[in-house]
Amino acid sequence: MTMNRRQLLGYGAALPALGLLGMPGPLRAQGRQLPFSLDFRIYGGNGPFLHGAASGIFGELGINAHMEGASGSAESIRRVATGSHMFGYADIMTLIEFTGANPNEAPKLIMPILDRSPASIMTIGGEPPTSLEDLRGKRIGVAANSAATKILPGMLRINGMSEDDIEFIAVDVRIRDTMLLQREVDGVVGFDYTSVFNFVESGIPREDVNVLYFADSGFDLPANSLIASQRMIAEEPELCAAVALAVARSWRAAVEDVEATVASTVAREPLLRHAVEVERLQYILDTHIGTDSVRENGLGYIAPERADATLTLMAEAFEMERRLELEDFFVDSFLPPQEERMILG
């Protein structure tokens with residue numbers, strides 16, 4: 001199902017009349033379990049969703065959401081695209097790549113959550129790199145087919161470097177961090193809040209982990225976001241609005257009480273270490289949500305000019321027939337009122 005811009009914008013006008021941006025009336029979703037795909041395994045990084053479901057935040061809005069872990073953003077996006085899950089949480093980079101290849105099936109981003117991308121190159125010990133230039137001649141482990149890996153050549157180019165300046169070594173993501181711990185590579189590409197805390201759990205002091213962000217090297221887009229299928233957007237716009245509101249309130253609850261949020265998460269995954277997941281989630285809130293943009297505009301805002309250069313970079317990296325525009329993958333009509341999105345207090 002393909003929708004034009006006029007159709008998408010029309011939903012935004014209809015929502016206030018439905019009364020669904022505050023406490024909604026009965027939803028078609030009531031009594032129906034909504035499969036919701038997370039971006040990764042259940043852990044502190046997606047804990048606010050677990051807490052929102054467990055604490056009644058979703059239930060208060062008439063939503064019976066079942067949160068399911070995934071192997072990564074690619075799986076979450078595929079689930080929503082095929083209709084096995086109605087909503088999901090996934091990284092924008094991966095969503096843009098999928099949209100370029102599957103424009104008629106690709107889910108849409110309906111609310112950005114992590115405002116600063118956690119995609120980064122991490123090293124352990126030594127002088128912290130401050131630019132890609134500092135990694136010249138180094139061996140960097142990368143997951144072979146990840147979206148982050150595919151944009152690296154373009155990032156090198158806009159920073160005046162070539163692909164030959166850094167030796168990228170394709171590795172299985174399951175052993176990527178172990179390879180750095182064993183010094184088989186000099187650094188790894190990944191999300192900071194996953195790899196950094198893998199290193200911490202392996203006994204590396206957090207201050208010894210160096211992080212060079214893609215955001216400081218030419219990639220300036222938010223990261224993990226709430227997504228919905230094109231079918232949900234077309235057929236159940238009121239439910240999309242209610243889910244976005246529940247998600248905003250769930251992340252506000254995480255800001256207000258990290259301990260309780262992680263407790264709900266550990267209840268689903270008892271093998272998690274509570275203290276590590278508290279530290280992980282607080283790191284995410286401080287680093288990837290506590291930005292100037294979120295403080296000023298609230299959760300979910302993307303300035304159009306912010307995305308411009310990055311979308312050009314990604315079009316080249318993914319060899320797209322045309323460069324995507326923000327409206328090709330982002331529908332902002334379902335964003336809750338700004339006061340609901342001002343989650344930082």
Side-chain angles (χ1 to χ4, degrees), residues 5 8-9 12 39 73 77 89-100 103 106-121 130-132 146-160 189 191-193 211-228 244 247-248 251 255 284-318 320 322-344:
R5 180 169 173 78
L8 294 176
L9 292 177
D39 59 319
S73 286
I77 290 166
Y89 184 47
D91 175 52
I92 284 182
M93 268 192 292
T94 310
L95 178 63
I96 290 173
E97 180 183 20
F98 189 90
T99 301
K108 301 291 184 181
L109 157 63
I110 63 173
M111 187 169 67
I113 295 172
L114 303 189
D115 187 60
R116 176 177 169 84
S117 176
S120 51
I121 301 174
T130 59
S131 69
L132 290 172
S146 75
T149 299
K150 292 175 183 177
I151 71 168
L152 280 167
M155 276 185 24
L156 288 171
R157 186 168 55 254
I158 64 176
N159 283 274
V189 171
F191 274 17
D192 61 345
Y193 59 80
V211 184
L212 178 65
Y213 289 103
F214 282 26
D216 297 324
S217 300
F219 179 87
D220 189 22
L221 273 179
N224 289 21
S225 305
L226 175 63
I227 62 173
V247 169
W251 280 84
V255 170
I284 290 170
L285 296 174
D286 293 342
T287 307
H288 303 299
I289 289 183
T291 66
D292 290 343
S293 177
V294 174
R295 293 185 185 284
E296 181 178 351
N297 305 295
L299 202 67
Y301 175 76
I302 307 178
E305 61 275 12
R306 174 184 177 186
D308 191 60
T310 300
L311 290 176
T312 298
L313 169 64
M314 298 190 75
E316 295 175 359
F318 300 140
M320 295 179 178
R322 71 173 182 88
R323 193 195 88 148
L324 296 184
E325 303 299 330
L326 197 56
E327 65 189 51
D328 289 321
F329 59 91
F330 179 29
V331 180
D332 64 3
S333 306
F334 304 113
L335 289 177
Q338 188 177 23
E339 61 267 23
E340 291 279 4
R341 295 183 287 112
M342 301 298 286
I343 69 170
L344 298 178

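Numbers here are sequence positions counted from 1.
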Evaluate the side-chain proximity of Arg306 to Pro222: yes if any heavy-atom separation is below 4.5 Å, no if none is. yes
Hey, are the side chains of Leu221 and Met93 touching, using non-hydrogen atoms and a 4.5 Å cut-off? no
Heavy-atom side-chain contact between Tyr301 and Val294 under 4.5 Å: no
Any donor-acceptor pair under 3.5 Å linking the side chain of Asp192 with the backbone of Ser120? no
Pair Leu132, Ile121 - check side-chain contact (heavy atoms from CB on, under 4.5 Å), show working. CA-CA 9 Å; Leu132 290 172; Ile121 301 174; 3.8 Å; yes
More than 12 heavy atoms of other groups within 6.0 Å of Asp292 CG: no
For Asp216 and Arg116, work out which heavy atoms get closest and say how close. OD2-NH2, 3.1 Å
Tell me, do Leu95 and Ser73 make a side-chain contact under 4.5 Å, heavy atoms counted? no
Work out which heavy atom in Arg157 is nearest to a heavy atom in Glu316; give both atom names and the distance. NH2-OE1, 2.7 Å
Output, in order, the C-alpha distance, side-chain angles, deciding distance and verdict of salt bridge (Lys or Arg N to Asp or Glu O under 4.0 Å) for Glu339 and Arg341. CA-CA 5 Å; Glu339 61 267 23; Arg341 295 183 287 112; over 6 Å; no
What pair of heavy atoms forms the shortest contact from Pro336 to Ala248, and how long is it? CG-CB, 4.2 Å
Donor + acceptor pair across side chains of His288, Asn224 (<3.5 Å): no
With a 4.5 Å cut-off on side-chain heavy atoms, are Ile289 and Leu114 touching? yes
Separation of Phe219 CZ from Ile92 CD1 (nearest 0.5 Å): 7.0 Å
Within the distance-only criterion (no hydrogens, no angle test), does the side chain of Ser225 pair as donor or acceptor with the backbone N or O of Ala223 below 3.5 angstrom? yes
Report the distance from atom CE of Met155 to atom CZ of Phe214, rounding to the nearest 0.5 Å. 4.5 Å
Which atom names give the shortest non-hydrogen contact between Thr310 and Asp220, and what distance separates them? OG1-N, 2.8 Å
Taking all non-hydrogen atoms of both residues, which atom of Lys108 and which atom of Asp328 are closest, and how far apart? NZ-O, 2.7 Å
Evaluate the side-chain proximity of Leu311 to Ile96: yes if any heavy-atom separation is below 4.5 Å, no if none is. yes
Note: Met342 and Asn297 closest approach over all heavy atoms is SD-C, 3.6 Å
Measure the spacing between CD1 of Ile302 and CG of Leu109 and express it to the nearest 0.5 Å. 5.5 Å
Got a second to check how far Leu226's CG is from Ile110's CD1, nearest 0.5 Å? 4.0 Å
Do the ring planes of Trp251 and Tyr89 sit parallel (below 30°), tilted (30 to 60°) or perpendicular (above 60°)? tilted
OG1-CG distance between Thr291 and Asp286, expressed to the nearest 0.5 angstrom: 11.5 Å
Nearest 0.5 Å, what's the CG-CG distance between Asp39 and Asp91? 8.5 Å
What do the steps show when you test Leu324 against Phe318 for side-chain contact (heavy atoms from CB on, under 4.5 Å), and what is the final call? CA-CA 11 Å; Leu324 296 184; Phe318 300 140; over 6 Å; no
